[in-house]
Every structure is written in structure tokens, then in C-alpha cells.
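Report on the following structure.
Along the sequence shown, the residues carry numbers beginning at 1.
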Amino acid sequence: MIVLRQVLHRPLYWLLILLPVAVLLLAAGAPPTVILVAAALAIIPLAGLLGQSTEVLAAYSGPRVGGLLNATLGNAAELIITIIAIRAGLLELVKASITGSIIGNLLLVLGASMLAGGVRHGLQTFDRRRALGDCILLLLAVAALAVPSLFVHASEGIHDAGDVEVLSLGVALLMILTYGLGLFYSFRGDGAPLTRASAETTHPHPDGWSRSTALIVLAAATAGVVWMSEILVGQVEPVVSSLGVSEFFLGVILVPIIGNVAEHTVAVTVALKNQISLSVEIAVGSSLQIALFVAPALVFLSLALGNPLTLVFNNFELIALIGTVIIVTQVAGDGESNWLEGAELVALYLIFAIAFFLLPSG
């Protein structure tokens, strides 16, 4: 009853009605674009429930186990979508979603939070030391992600395809080990990187859910995300053919947004409450998880699924990714934010989005 009451009182969860709608549209043979939009919108509330149930279980589990749960399941919806895309052989979409998630978190989410918080509260301050430390760690992670691409460009025409795959596996393994070390360091220290920020940390058992309720919601939301992801991924190629939009664009813009809308909304909401530090932790922390855990995990999962994924990105992706992290590191350097900085970050995201849309596929 508690879950149903919250669903009825939160407009975002009203989109759950699109879950059966997407299934009916698929059965009725509706246009691929309509089916894809319905499935994508249905994933948004499911991802929100998945994240909310994870937060509740984290609160019941104590700070260390809870931190591990948040660190592991923080991007579960997006991870599910990309795993299904790998199984379907849509590797370009998967790689684009990695860069799109990092860029989206740092420019769109952080920018919107600074813009909203700045308009309401003027100059806002956050923990400069932690933000700068997280940004430097993110810069190192992005540099590691770029190594296979730089290797391919430096040895163009003379490298072996197997070498690129081995290099990607080596980078992925070392990044996951680094992620594990980061979690170990986080649990031993206070306010260290990789412990996911939560808007519910002030409440011992958020939302009034019991542990069993949270587990049931987590299982149901996960199943729903898998189901809708199967439908969404199945419509990608028909949509690409009919609309002329690239698989790359769908991966770099659509997948990151639908997988994290609920969390993005939280970041903006807490900024409006003058808690910009929490917004910064959400945006940068989510990007760290993508770079250090999700991307490397996908490399290994792709081997098991029979469609090996390499960490080779196009030149424009690399420039956008590295440039974004450097810019955000500079923004975080003074421990202050205002609405103009937020507007500039959002504007840069929109500029990248236009360029991604116009970027030739292949």
C-alpha cells in the first residue's frame, strides 16, 4: 500500500502506464518509433523505483554495506539496457552510451542543478576538496578509457585486431581493480570517492518501506527494465532506418537520459533546497561509476555474450569526453557555483548534442 500510495502521488511514476502500452503497441505492429518512445518512457519510472529500493536497502544495511549497494546498483538500469544491446550486437550504441552518460552527468545534470540552485539562492558553495578530488580521479579514469583509442590511432594500419581486444581487457581489469580499491578506501575514510551520495541519507529508513518491500520492488523493477529494454533495443535498427537518425546518437543521448532521469531529478531538487554539494556528488559520483565500473564490466560481459566490446571511441567522442572533465574540474576548483556557470554547462551539452546528431555514422 505504501508503494502504491507513493506511485499515485509522484507524477514521474504515472509513466508506468506505458509499460502495458508498449507491449500492446508491439503486439499490434505499431510503427517502430512509437514503440521505442513508449518503451523508453516506461523505463524512466522503473529506473526510479530501482534506485529508490536500492536506497532503502542501503539504509537498512548500514553505511558500509549500504555504500557497496549504492556503488554497485547506482547505474543498474543503464547497465541492463546496454547488456541487452550487446546481446543484440549494437556495440556502437553501447560505447556511445558510456560517453553520453559521463558527458550528460557532468554537463546537463550538474549544469541544470547549478542553474536551478543559482536562480533561487544566488551563489552556492560546496565541498571544494571532495569535488576536486573526485574530478581528478574522474580525469584519470577517462584518460585510462582513452588509451585503447589512442593505441588504435597511433598504430593505424599496423596493429592487429586481437591486440586491441587484449588491451581493452587489460584496461578494463585494471579499472575494476582501481574501483575496488576506491571502494575500500571509501569505506575506511569519511567522504571519500565512490560512496554514492543519497538524498535520503538523513532518514534511517526512507519512504517507510520495509526491507522485504524494498526487495520485492527491486526485483519487480529490474524485471520491468529488462522487459522494456528488450522492446526498446529491438526497435533501434528499424528506427535508424526509418528516421535516418544514427545508432550512435540514440546511444549518446537517449540511453543515458532514460536510465537516469529519476536520479537527475533528485540532483536538481536538492540544489533547489540549497544542497548543491549533494548535487555535485550525484553528478560526479555517477560519472565515476560509469568510467570505473560500468564500462569495464561491459567489456567482460560482452565476451560472455559473444560480441566482444573494445574501448575504442571516435575522435570527437574523446575530445568531448576529455574536454568535459577538464572544464568541470575547473568549475569545481573554487568550491562555488552560480546560475551562469550552470547555464554555460547546459549550453555546452546542447552544443555537443547537436554535433552528435550531425556526426556521420560509421
Side-chain angles (χ1 to χ4, degrees), residues 47-48 51-52 54-55 58-59 63-64 66-76 78 101-118 121 123-142 179 182-203 206 256 259-294 324-325 327-338 341-342 345-346:
Q52 194 173 354
T54 301
E55 294 285 0
R64 294 195 176 187
L68 182 61
L69 277 173
N70 277 325
T72 305
L73 300 177
N75 292 284
E78 189 173 351
S101 294
I102 297 173
I103 293 171
N105 279 316
L106 296 179
L107 296 181
L108 180 62
V109 179
L110 184 58
S113 299
M114 288 182 171
L115 176 59
H121 301 287
L123 187 68
Q124 293 181 294
T125 60
F126 50 88
D127 187 343
R128 172 183 174 276
R129 183 168 173 267
R130 171 163 182 166
L132 201 54
D134 285 358
C135 285
I136 291 173
L137 180 58
L138 182 58
L139 188 58
L140 294 172
V142 168
Y179 185 73
L183 289 177
F184 177 74
Y185 180 77
S186 297
F187 298 149
R188 289 176 60 89
D190 182 28
L194 303 182
T195 48
R196 283 285 288 243
S198 165
E200 310 289 352
T201 51
T202 56
H203 306 292
N260 294 290
V261 162
E263 186 178 45
H264 296 172
T265 304
V266 170
V268 176
T269 301
V270 297
L272 288 170
K273 296 177 181 178
N274 205 23
Q275 299 179 43
I276 192 65
S277 287
L278 187 54
S279 300
V280 174
E281 290 177 30
I282 290 172
V284 179
S286 183
S287 297
L288 273 171
Q289 282 189 8
I290 294 291
L292 288 175
F293 176 69
V294 174
T324 294
V325 177
I327 290 169
V328 172
T329 301
Q330 294 299 312
V331 170
D334 60 359
E336 298 177 346
S337 69
N338 55 63
E341 288 179 338
L345 292 178
V346 173

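Here CD of Q124 is found 8.5 Å from CE of M114. Values are rounded to the nearest 0.5 Å. Rounding to the nearest 0.5 Å gives a distance of 10.0 Å between CG of D127 and CG of L132. Note that SG of C135 is 12.0 Å distant from CD1 of I327, once rounded to the nearest 0.5 Å. Between the CG atom of L292 and the OG atom of S287 there is a distance of 10.5 Å, given to the nearest 0.5 Å. Expressed to the nearest 0.5 Å, how far CG of L115 lies from CG of N338 amounts to 10.0 Å. Expressed to the nearest 0.5 Å, how far OG of S113 lies from CD1 of I282 amounts to 7.5 Å.
Listed here is the closest heavy atom pair of V109 and N105: CB-O, 3.4 Å. In this structure, L107 and V328 approach most closely via the heavy-atom pair CD2-CG2, 4.4 Å. Nearest heavy atom pair, residue L138 against residue A291, reads CD1-CB, 4.2 Å. Looking at every heavy atom in both residues, G259 comes nearest to A47 through O-CB, 3.7 Å.
Looking at heavy atoms from C-beta onward, Q289 lies in side-chain contact with Y179 at the 4.5 angstrom threshold.
The side-chain hydrogen bond (donor to acceptor under 3.5 Å, both in side chains) search around E78 returns S101, N260, not counting sequence neighbours. With sequence neighbours left out, E336 forms a side chain to side chain contact (heavy atoms under 4.5 Å, CB included) with L123, T125, D334.
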| Where do V284 and L106 land on the side chain to side chain contact (heavy atoms under 4.5 Å, CB included) test, with the steps shown first? | CA-CA 6 Å; V284 179; L106 296 179; 4.1 Å; yes
| Check against side chain to side chain contact (heavy atoms under 4.5 Å, CB included), I102 and T324 | CA-CA 9 Å; I102 297 173; T324 294; 5.8 Å; no
| request: Begin with the C-alpha distance, continue with both residues' side-chain angles, and end with the deciding distance and a verdict on side chain to side chain contact (heavy atoms under 4.5 Å, CB included) for T269 and Q275. | output: CA-CA 9 Å; T269 301; Q275 299 179 43; over 6 Å; no
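Distance alone, capped at 3.5 Å, is enough to place a donor-acceptor pair between the H121 side chain and the L272 backbone.
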